[in-house]
Amino acid sequence: MNKALFIISLQHELAMAIGNKLDLKAMLKVFLKVCFNRLDLTSAHIHIYCDQSGMPSKVIPLESTSYQHLLSIPKNKRGQAWSQNLTLKSFVEQLDNDQKNISFQCENGQYLFGFIIPNHGLLTFETHYALGEEVQKALQPVLQKLATSCYTSLVHDSLVKEAHSRQLIEEKVAFQAQHDGLTGLFNRQHINHLLGSAIEDAHINRKIGSVLFIDLNSFKPINDSMGHAVGDKILLTLSNRLHSLSSEYIDIGRFGSDEFIILLKNLSIDYQETVNQLIEQINQLLTIPFVIDANSYKLTCSIGYAFFPLQSSTVNNLIKFSDIAMYEAKRAKSQCGRKYQAAMSEKIKNRLDYVDDMKQGLEQDDFKLFYQAQFNHYGDIIGAEALLRWQHPVHGMESPAVYIPIAEESDLILAIGQWVLEQACRDIKKLEKFTLPNSFNKVSINISAKQLMQADFQEKILNAIKQNDIPAERLGLELTENLLVENIEDSIKLIASLKEKSIECAIDDFGTGYSSLTYLKRIPASVLKIDRSFVANIAQCKESAAIASMIISLGKTLKMDILAEGVETLEEFNSLKDLGCYHYQGFYFSTPLPFDEFTQLLSLKTNNE
């Protein structure tokens, strides 16, 4: 009678121990503790069937079963973890192979009893007595209930993980929908959304907000020459710095490439001062060099901004206005930023109209090449520079200082540059029919940055020479110092390749840029042109004379010819000659002339030889 009551009580307590806990390990731990205490065990162990990833599995086919040690009470035997106990290991392996209840008496008199938890694992008891048959049988329905609870726990765990995984995926999708993939800042779409909400709040709360448009200066040459990996690291570093400015009322986003947007909300009456302070903070962040892969890069930015709802209450207009203001800041090379003004849009419209006028000018042959002769100190013509002139149908003769920068901002400079190249080659072909002075070498044309960046630029040069059947050495190219340095590695390769084909290059406006002597000595140019700013009043200005003297010495050291631009007086000519410069170009010798007048000048010189 007492034995029957014990079994009923045991089953009841074990069933209660299994209970309704959904955490598998917690449930099995409670079950194991009750077994240990009620059956007066020396130790108790559970091994659980796992899938290939080592996680407890709901159902495992017999042929692919594997098990792992999950729990032991007590945790160790004489300081050794039960998972390392060889006797237990061997017994559990036999239990798994037999897939039925087994028992074994150890050499020390202890007993091991093994039970199957159907489809889920193995239960092992260590006792100091033989466990009765009736107790072993009484455990079978309990183990069935335990198996059901294991399955329920695993299903619950799977659902929880699936729900958590789905939540993570949804959060990731939501994050990706709102943030830039590289920098983690808000993306263009979300900034537009935030701006729309900020405009509404500004109207409701009678507040002012601002949109700042930021563009990195000189980022593209670094990105092109050093690679996108370096460029991306610079953008990421800048993004982290800008992110430090974010707050409840400041949102920061990446608009695209090297452009960023900062949205300021809830500004008070001193809104202009707040924007000025923020611009100062941004510039301060950029004073720290960008150190990427042991190389240091110094960058600045251009900033434009607009206020809402003062200047507009539409998202597109505010972005457009701040973008326009940013370009004004870039043109002015201003570090203080530019506030949008309505006149800026009018200026943009006028520039677009001006570009259309230039397109028509190209189509209607309104552009002409004038040629300014270049002389040596004996008065011989040694060459000429082709200079573009445009007879505007309304404004008359336009200054290149006006239309060239506008053309360079658009892709129209490529069409103009190609026309100059082809027309110069046609004119050289005509010159070849004349008897030229023995001293005459070549006609040089100016090359723009966008032309130089064309992948087929050299091919275009060679094709124009071939189509007009002219000697390659009759054509020269002039590239500014800054242009060469911005694309230094490509420039070196290009100039070297052209030189091999007898096309020589000159470094124009030398002294006005910031190239290092390390770069200069690597550029295989043939001519160094002293900028006119160092020639003007050289007889009276000691500083200009010193700079010109240095350039002349430098050119001679690098085995380059030296040519001074903008020579307008006899004094300037004599000063340059005394310094050792023997090639000149300027009004003192000849103004730029139309082609026919230039050929007359050549003929006159030829006849005087």
Side-chain angles (χ1 to χ4, degrees), residues 171 173-216 235 238-283 285 301-330 332 334 336-349 352:
E171 289 174 355
V173 169
F175 184 88
Q176 289 175 338
Q178 297 178 354
H179 294 77
D180 174 60
L182 172 65
T183 64
L185 298 177
F186 291 131
N187 59 24
R188 180 186 301 195
Q189 291 77 14
H190 194 56
I191 278 289
N192 287 344
H193 170 73
L194 292 174
L195 177 55
S197 299
I199 292 169
E200 290 182 18
D201 291 342
H203 279 291
I204 294 170
N205 299 314
R206 297 179 179 275
K207 291 289 185 178
I208 294 171
S210 181
V211 178
L212 277 71
F213 200 109
I214 305 168
D215 182 81
L216 271 183
L235 293 176
L238 176 60
S239 299
N240 291 335
R241 294 179 188 177
L242 291 176
H243 186 66
S244 68
L245 303 174
S246 62
S247 69
E248 181 182 357
Y249 300 115
I250 299 178
D251 293 319
I252 301 173
R254 183 185 179 204
F255 199 69
S257 186
D258 59 343
E259 298 171 334
F260 298 85
I261 293 280
I262 295 184
L263 172 59
L264 278 76
K265 300 169 287 187
N266 206 36
L267 297 176
S268 56
I269 193 167
D270 57 347
Y271 56 87
Q272 182 64 64
E273 180 60 27
T274 303
V275 169
N276 291 343
Q277 289 174 0
L278 182 60
I279 290 173
E280 187 176 339
Q281 286 179 282
I282 294 167
N283 286 326
L285 292 176
C301 69
S302 300
I303 304 173
Y305 58 93
F307 292 105
F308 61 87
L310 299 179
Q311 294 183 293
S312 179
S313 292
T314 67
V315 171
N316 288 341
N317 277 348
L318 285 165
I319 297 290
K320 179 176 71 176
F321 290 168
S322 57
D323 188 16
I324 290 171
M326 180 276 292
Y327 274 106
E328 285 296 316
K330 189 178 285 287
S334 169
C336 301
R338 282 285 189 272
K339 176 185 172 182
Y340 171 76
Q341 305 290 345
M344 293 178 181
S345 290
E346 185 64 26
K347 190 175 178 180
I348 291 289
K349 181 181 180 301
L352 292 174

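Residues: numbered from 1 along the sequence shown.
A side-chain donor-acceptor contact under 3.5 Å links Glu273 and Gln277.
Formation of a donor-acceptor pair under 3.5 Å by the Asp180 side chain with backbone atoms of Thr183 is found in this model. In terms of modelled atom types and a separation under 3.5 Å, the side chain of Ser312 and the main chain of Phe308 share no donor-acceptor contact. Not a single donor-acceptor pair under 3.5 Å links the side chain of Ser257 to the backbone N or O of Glu259.
The one candidate from Leu238, Asp215, Asn283 that meets the side chain to side chain contact (heavy atoms under 4.5 Å, CB included) condition with Cys301 is Asn283.
Rounding to the nearest 0.5 angstrom, the gap separating the CG atom in Leu310 from the OG atom in Ser210 is 9.5 Å. Distance check, rounded to the nearest 0.5 Å: CD of Gln341 to OG of Ser345 gives 10.5 Å. Between Glu200 atom CD and Asn205 atom CG the span is 11.0 Å, to the nearest 0.5 Å. From Arg338, atom CZ reaches atom SG of Cys336 across 7.5 Å, with rounding to the nearest 0.5 Å. Distance check: Leu194 CG to Gln178 CD gives 7.5 Å after rounding to the nearest 0.5 Å. With rounding to the nearest 0.5 Å, the separation of OH in Tyr327 from OG in Ser302 is 9.5 Å.
Looking at Asp201 and Lys265, no side-chain N of the basic residue comes within less than 4.0 Å of a carboxylate O on the acidic one, giving no salt bridge.
Remark: His179 pairs with Phe175, Phe186 by the ring-ring contact (aromatic ring centres under 6.0 Å, His included) rule, at least two apart or across chains.
For the pair Phe255 and Asp323, the minimum side-chain heavy-atom distance is 4.5 Å or more. In this structure, the side chains of Leu195 and Ile261 stay at 4.5 Å or more apart for every pair of heavy atoms.
Considering every non-hydrogen atom in both Ile303 and Ile279, the closest pair reads CD1-CG2, 3.8 Å. When all heavy atoms of Ala306 and Tyr340 are compared, the closest pair comes out as CB-CB, 4.2 Å. Residue Pro309 comes nearest to Ala202 through the heavy atom pair CD-CB, 4.1 Å, listed as atom of the first residue, atom of the second, then distance. When all heavy atoms of Leu185 and Arg254 are compared, the pair lying nearest together is CB-N, 4.0 Å. Contact detail for Ala325 and Lys339: the closest heavy-atom pair is CB-C, 4.1 Å. Across all their heavy atoms, Leu318 and Val211 have their closest contact at CB-CG2, 4.3 Å.
Aromatic ring orientation, Phe307 versus Tyr305: perpendicular (interplanar angle above 60°, classes split at 30° and 60°).
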